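Labels below follow one simple rule: chain letters A, B, ... track the order of the sequence lines, proteins then strands, and each chain is numbered from 1. As the structure is a prediction and not an experimental result, all values here were calculated from the model.
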Amino acid sequence: MKAKINALLIKAIDLLYKDNDFSIEIVKTKSEMHGDWSSNIAMIVAKKKKENPKELAQKIIKLIPSEDWLEKVEIAGPGFLNFFLTKQGNLNYLKNLLKDKKSYFPFEESNKKNILIEYVSSNPTGPLHIGHGRGAAFGSALSNLLRKCGNKVTEEYYVNDQGLQTKILAESVHKKYLEKFDLDTSEIDDTNFYKGEYIDELALKIKTQKKDLYLKIENESNFINYIVEEMMKDIKATLENFQVKFDSFYLESFLYDASKTKKTKVNEVLEDLKSEYSFNEAGALWFRSTKFGDDKDRVLIRSDNQETYFLSDIAYHKDKFLRGYDELINIWGSDHHGYLPRVKASLKALKLSPESLKTIFIQFVSLIRKGKKTSMSTRSGEFITLNQLINEVGVNAARFFYLAKKSDQALEFDMDLAISQDKNNPVYYIQYAYARICSLEKELKKREMTFDLDEGINNLEKLKNKSELEIISFLEAYKSIIEQCYKNYEVHPICFYLRDLASKFHSYYNSETIISDDQISRNAKFALLIGIKRTIKSGMELLDIETPEKM
RNA sequence: CUCCUGGUAGCUCAGCUGGAUAGAGCAUCUGCCUUCUAAGCAGAGGGUCGCAGGUUCGAAUCCUGCCCAGGAGGCCA
């Protein structure tokens, strides 16, 4: 409908000015006094052409032909054009939705892309905590949306499976492991060690499974790999538990692997940057990132010969480009925002287009328990793991709480509120609406009545009361919400929409008896319910939240 | 010190690519279960949109300054 109105307006303006370069808005109205759809076109164009908005609006109206779906167009306020649709016009969307045998989805990208989306990528030095959970929920939901809109999407987790931090992790575990055998570890300097409970648990697991095999470590890198694998097992299990499914886990060590090719991918990057963009200073190798807009130059290889994570990150990003994607998406914690300029600088140096890389930052999650804020730190071991959260509030509620807030805004996760499963949880409210519709269908069968969808579709005109008309119109708004989310790489508006839709349904349910004796009107009402049901299902599937048929 | 986010109802947040009377949920108060699921509904109260200027027909939205909160600025990740 929006597209139809848009076409009429563009044509009218084109006739008047031979110009259609305007960014106009066509929105669903909030009040029925303003009709069904509203446009600010007259005010936008009037400004550019220095005319009076109301007079211009008058001219535009004269150029709008009569259409069977259009009742009338009015001018209101400072120059809004308000479109009042005929009954037919308003029913178009719902009819299409109901006629589609498959699951209806209101938007499809015309220029389909092959997208790589990287998220979570938590270091395997500890279990996932509630901060990672937010990135996981958002990344998976956004992937669903991008895919549902017609794109090919690959979800990837980048694993920093080597380097200094994994070494420290292995040492931390090993110390605990030694202590399990009552060995004296007081000589070991553990100031930088990881301290969480999981270290102790892992040490115990190793003792149980491998006995005294690692009392003396013969091959350090093998031991590190072993520990990292154990951590990743745990992380993967948590992700699966949380409805997050990755297509690939990309190992950092692969970038240093020379077994298949002569040169490692990291070495290739070092050559790419050689002499022109890198230099030696104080025993270290630097990347001249200032040449590409970064604040300062960055170290690639430290004076102790240790490669920085930045170096392998460059190689990783280069590899992403070489794998042939149209678009790369990174979902990073907001503490990495200072990191982006140097990555973009490296892309420019490698003559790869930084515009193809879209980075979305996820703000911190802090935890509130019994009114007290808890700080999160992997190293000190003070955190709530994602597993704990799932166990306490459930996957569905956890996902919804994460997704219902704009991702670039800090989130205060109130455990006590999320734990309370009784009433405060908006998830149940939406699920309940869905279950109620399912329940009505069951009740219908129980009373040995039938539902004929085609008859319902053909009699939608019979739906006349206020809440029915409002819902019919609101169902169409789903399309705009999806388009907006798709365009802006966000998902929280879906949460708000579903809540509103559920609310309108509950209200309707309470004001009307759905199962009536009049077959025609009953079918029409059930057709409307099916529209609601499919829309809720569609939205919840994007969020990966369950829609039980019974509660 | 520099940069990035944010400041909207008692609380948690939408709205921010300028538009019509600033919206939800929770909490509070008043009603509604012999009737399709009360995990629900109907109604009420609650606001100097951090402060001050500016841009214009119009500003919560854009610009500038200030105040407050959080974050980033390493040969840490």
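When side chains are defined from C-beta on, A:E448 does not count as touching A:K446, because their heavy atoms never get closer than 4.5 Å.
In this structure, A:L300 places its CG atom 12 Å from P of B:C75, rounding to the nearest Å. Taking atom NE2 on A:H336 and atom P on B:G70, their separation rounds to 22 Å, with Å as the unit. For A:E25 and B:A20, the CD to C1' distance is 13 Å, given to the nearest whole Å.
Taking only distance into account, the side chain of A:K47 meets the base of B:G58 through a donor-acceptor pair shorter than 3.5 Å. Side-chain atoms of A:S303 come within donor-acceptor range of the base of B:C75, with a qualifying N/O pair under 3.5 Å.
Within the nucleic acid shown, A:S439 comes within 4.0 Å of at least one base atom, counting heavy atoms only. Residue A:E490 is classed as having no contact, given no heavy-atom separation below 4.0 Å to the nucleic acid. Contact annotation for A:A435: base contact, defined as any heavy-atom pair under 4.0 Å involving a base atom. Here A:R298 lies out of heavy-atom contact (under 4.0 Å) with every strand. A:Y339 comes within 4.0 angstrom of no nucleic acid atom, judged by non-hydrogen atoms across all strands. Here A:S38 lies in heavy-atom contact (under 4.0 Å) with a base. Counting any heavy atom pair closer than 4.0 Å across all strands shown, A:K446 reaches no nucleic acid atom. Residue contacts shown for A:E51 are absent, as no nucleic acid heavy atom lies under 4.0 Å away. Within the nucleic acid shown, A:N82 comes within 4.0 Å of at least one base atom, counting heavy atoms only. Nucleic acid contact for A:A433: none, since no nucleic acid atom lies under 4.0 Å from a heavy atom of the residue. Within 4.0 Å (heavy atoms only), A:Q306 reaches no atom of the nucleic acid at all.
Within the cation-pi definition used here (under 6.0 Å to the ring centroid, within 45° of the axis), A:K358 qualifies as a partner of A:Y489. Geometrically, A:K72 engages A:F84 in a cation-pi contact defined by less than 6.0 Å to the ring centre and at most 45° from the axis. Taking the ring centre of A:Y509 as origin, the terminal cationic atom of A:R436 falls inside the region bounded by 6.0 Å and 45° from the ring axis.
In this structure, B:C29 is classed as anti because its glycosidic torsion departs from zero by more than 90°.
Comparing B:U12, B:C57, B:C75 by their nearest atom to the side chain of A:K405 picks out B:U12. Closest contact between the side chain of A:A76 and the listed nucleotides B:C76, B:A20, B:C75 involves B:A20. For A:H337, whose side chain is taken as the heavy atoms from C-beta onward, the closest listed nucleotide among B:U5, B:G71, B:C41 is B:G71. The listed nucleotides are B:A14, B:A24, B:U5; the one nearest the side chain of A:D500 is B:A24. Comparing B:A38, B:C75, B:A20 against the side chain of A:H34 picks out B:A20 as the nearest. The side chain of A:T513 lies closest to B:C36 when the candidates are B:C36, B:C75, B:U17. Of the candidate nucleotides B:C57, B:A39, B:C36, B:A39 has the atom nearest to the side chain of A:M551. The side chain of A:R302 has B:C75 as its nearest neighbour among B:C75, B:C36, B:A72. The side chain of A:F496 has B:A14 as its nearest neighbour among B:A38, B:C41, B:A14.
B:A14 has no base stacking with the ring of A:H492 when judged by centroids under 5.5 angstrom apart and an interplanar angle below 30°.
A salt bridge links A:E512 with A:K525: the distance from a Lys NZ or Arg NE/NH1/NH2 to an Asp or Glu carboxylate oxygen falls below 4.0 Å.
Taking atom P on both B:G45 and B:G10, the two are 15 Å apart, rounded to the nearest angstrom. Annotation: B:U56 and B:C62 have their C1' atoms spaced 11 Å apart (nearest Å). Taking atom P on both nucleotides, B:A72 is separated from B:G47 by 37 Å, rounded to a whole Å. If you take atom P in B:G71 and the same atom in B:C26, they sit 32 Å apart, rounded to whole Å. Taking atom P in both B:U21 and B:U55, the straight-line distance is 23 Å, to the nearest Å. When the P atom is used for both B:A20 and B:U61, the distance is 13 Å, rounded to whole Å. One C1' atom belongs to B:C33, the other to B:A69, and the distance between them is 47 Å to the nearest Å. Here, B:C67 and B:C29 have their C1' atoms 37 Å apart, quoted to the whole Å.
Residue A:K442 places none of its side-chain N or O atoms closer than 4.0 Å to OP1 or OP2 of B:C36. Between A:Q409 and B:A14 there is a side-chain polar atom (N or O) within less than 4.0 angstrom of OP1 or OP2. Taking 4.0 angstrom as the limit, A:Y497 places none of its side-chain polar atoms (N or O) nearer than this to OP1 or OP2 of B:G23.
Between the side chain of A:S439 and the backbone N or O of A:A435 there is no donor-acceptor pair closer than 3.5 Å. A:D36 places a side-chain N or O within 3.5 Å of a backbone atom of A:L85 that can act as its donor or acceptor partner. Proximity of a side-chain donor or acceptor of A:S39 to a complementary backbone N or O of A:L81 within less than 3.5 Å is not detected.
When each of A:N160 and A:S507 is assigned the nucleotide of RNA chain B bearing its nearest heavy atom, the one mapping closer to the 5' terminus is A:S507.
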